[in-house]
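First comes the structure, then the notes that go with it.
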Amino acid sequence: MSDYFYEKSKMYYENYKAGKLTKKVGSIIKNGDKYLTILRAGKRPMFAGGSVDEGETTRQAIVREVLEETGAKVTKLKYLARKYYTVDWEFEGVTFPNKRVVYTYLCEVEDGDFKAQGVDGEFDKSTSIKWCTLKELEELGLWEPTLELVKKVEENI
């Protein structure tokens with residue numbers, strides 16, 4: 001396990017022990033009829049996002065996460081939704097329910113040469129970025145709650 005994932009898992013475990021929710025953020029970045037998508041070998045596609053750091057607002061967190069993961073600078077954002085969910089997580093041999101709340105934002109970004117970056121240990125070398133249509137996102141198996149938000153974005157534009 002990389003230092004990055006060890007520290008994230010430790011944070012999740014500490015939140016679990018303290019009875020706290022883990023605050024997360026997610027982006028939907030649209031350009032024309034395509035969405036900025038992170039592709040990882042053997043895993044479902046995802047959009048840029050991640051954990052909210054101590055003392056950070058969700059707006060600050062999504063701007064930071066988009067920059068860290070894609071190299072894109074957010075120029076405008078609009079709050080879309082909040083969703084509560086739980087995932088089973090493991091830390092040092094203990095499996096626990098990681099209770100989360102994710103705040104999702106529709107983001108506009110500067111044009112540029114987007115690259116899957118992440119922080120050290122977050123992505124492997126096979127991780128890439130692709131602009132995907134809604135149909136491609138469905139075929140690739142984007143997480144269903146995120147896919148539903150994309151469909152709502154499509155309906156309102």
Side-chain angles (χ1 to χ4, degrees), residues 1-16 22-53 56 58 60-75 77 80-81 83 85-154:
M1 178 184 294
S2 71
D3 289 344
Y4 171 82
F5 284 108
Y6 180 84
E7 291 302 318
K8 285 292 179 190
S9 295
K10 181 179 176 183
M11 178 191 73
Y12 297 158
Y13 186 63
E14 294 300 323
N15 283 352
Y16 162 71
T22 296
K23 287 172 90 175
K24 308 285 279 182
V25 289
S27 69
I28 296 178
I29 301 169
K30 188 173 196 281
N31 185 4
D33 68 340
K34 296 186 177 180
Y35 297 87
L36 190 63
T37 308
I38 299 170
L39 303 174
R40 303 167 296 157
K43 297 185 179 183
R44 74 175 64 226
M46 62 182 249
F47 293 153
S51 298
V52 178
D53 289 342
E56 191 175 44
T58 58
Q60 291 167 329
I62 197 58
V63 169
R64 175 185 51 77
E65 287 287 347
V66 168
L67 181 62
E68 284 177 0
E69 294 183 357
T70 69
K73 292 183 182 175
V74 173
T75 58
L77 54 90
L80 292 176
K83 175 152 182 66
Y85 65 104
T86 301
V87 295
D88 287 335
W89 205 265
E90 192 252 324
F91 178 70
E92 295 188 338
V94 176
T95 301
F96 59 94
N98 181 221
K99 296 179 181 180
R100 300 173 171 191
V101 56
V102 62
Y103 299 86
T104 304
Y105 291 89
L106 180 62
C107 302
E108 290 182 19
V109 297
E110 291 179 352
D111 287 335
D113 184 21
F114 305 115
K115 294 181 182 165
Q117 300 176 151
V119 294
D120 276 348
E122 185 174 9
F123 298 146
D124 66 25
K125 291 179 186 192
S126 68
T127 302
S128 63
I129 286 184
K130 179 180 179 189
W131 287 96
C132 295
T133 64
L134 175 58
K135 184 177 184 207
E136 288 173 309
L137 294 173
E138 290 172 331
E139 291 169 354
L140 289 168
L142 184 68
W143 189 49
E144 191 62 35
T146 303
L147 188 59
E148 291 306 312
L149 280 175
V150 170
K151 289 177 181 176
K152 286 181 181 177
V153 166
E154 287 284 308

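It should be emphasised that the depicted structure is a prediction, and the values quoted were computed from it without experimental measurement.
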**OP:** Could you please spell out the steps behind the side chain to side chain donor-acceptor pair (under 3.5 Å) verdict for N15 and T22?
**Re:** CA-CA 7 Å; N15 283 352; T22 296; 3.1 Å; yes
Original post:
Between Y103 and V52, is a side chain to side chain contact (heavy atoms under 4.5 Å, CB included) present by the stated rule, with each step listed?
Top reply: CA-CA 10 Å; Y103 299 86; V52 178; 5.5 Å; no
Subject >> Check against side chain to side chain donor-acceptor pair (under 3.5 Å), S51 and K24 >> reply: CA-CA 4 Å; S51 298; K24 308 285 279 182; 3.2 Å; yes
**OP:** Assess whether side chain to side chain contact (heavy atoms under 4.5 Å, CB included) is satisfied between I38 and F123, documenting all intermediate values.
**Re:** CA-CA 10 Å; I38 299 170; F123 298 146; 4.0 Å; yes
**OP:** Begin from the C-alpha positions of I129 and L36 and carry the test side chain to side chain contact (heavy atoms under 4.5 Å, CB included) through to its verdict.
**Re:** CA-CA 7 Å; I129 286 184; L36 190 63; 3.1 Å; yes
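Distance check: E154 CD to L134 CG gives 5.5 Å after rounding to the nearest 0.5 Å. Here the straight-line distance linking atom CG of L137 with atom OG1 of T37 works out to 4.5 Å at 0.5 Å rounding. Going from atom NZ of K115 over to atom OG1 of T127 covers 14.5 Å, rounded to the nearest 0.5 Å.
T75 places a side-chain N or O within donor-acceptor distance of the main-chain N or O of E108, the cut-off being under 3.5 Å. Looking only at distances, a side-chain donor or acceptor of E69 sits under 3.5 Å from a matching main-chain atom of G49.
Residues K83 and T104 have side chains not in contact (no heavy-atom distance under 4.5 Å, counting atoms from C-beta outward). Contact check for V109 versus T70: no side-chain heavy atoms found under the 4.5 Å cut-off.
Take L67 and apply the side chain to side chain contact (heavy atoms under 4.5 Å, CB included) test, not counting sequence neighbours, and it matches K73.
Checked against a 6.0 Å centroid threshold, the rings of F96 and F91 do not count as neighbours.
Taking each heavy atom of D88 and P97 in turn, the nearest pair found is OD1-CA, 4.3 Å. For P45 against L142, the heavy-atom pair with the smallest separation is O-CD1, 3.5 Å. Contact between G26 and V102 at its shortest, heavy atoms only, is N-CG2, 3.8 Å.
Salt-bridge annotation for K152 and E148: absent, with no side-chain N of the basic residue lying under 4.0 Å from a carboxylate O of the acidic one.
The residue from I62, L106, L80, L77 that alone fulfils the side-chain contact (heavy atoms from CB on, under 4.5 Å) condition with S27 is I62. Screening F114, F47, W131, Y105 for a side-chain contact (heavy atoms from CB on, under 4.5 Å) with I29, the sole residue that qualifies is W131.
Remark: the Y6 side chain and the E92 side chain contain an N/O donor-acceptor pair separated by less than 3.5 Å.
Atom NZ of K10 has 12 or fewer heavy atoms from other residues, nucleotides or ligands within 6.0 Å.
Residue pairs satisfying the salt bridge (charged side-chain N to carboxylate O under 4.0 Å, His left out) criterion with at least one member in residues 122-134, sequence neighbours excluded, are listed as follows: K130-E136. Applying the salt bridge (charged side-chain N to carboxylate O under 4.0 Å, His left out) test to pairs two or more places apart or on separate chains, those with a residue in residues 41-53 are D53-R64.
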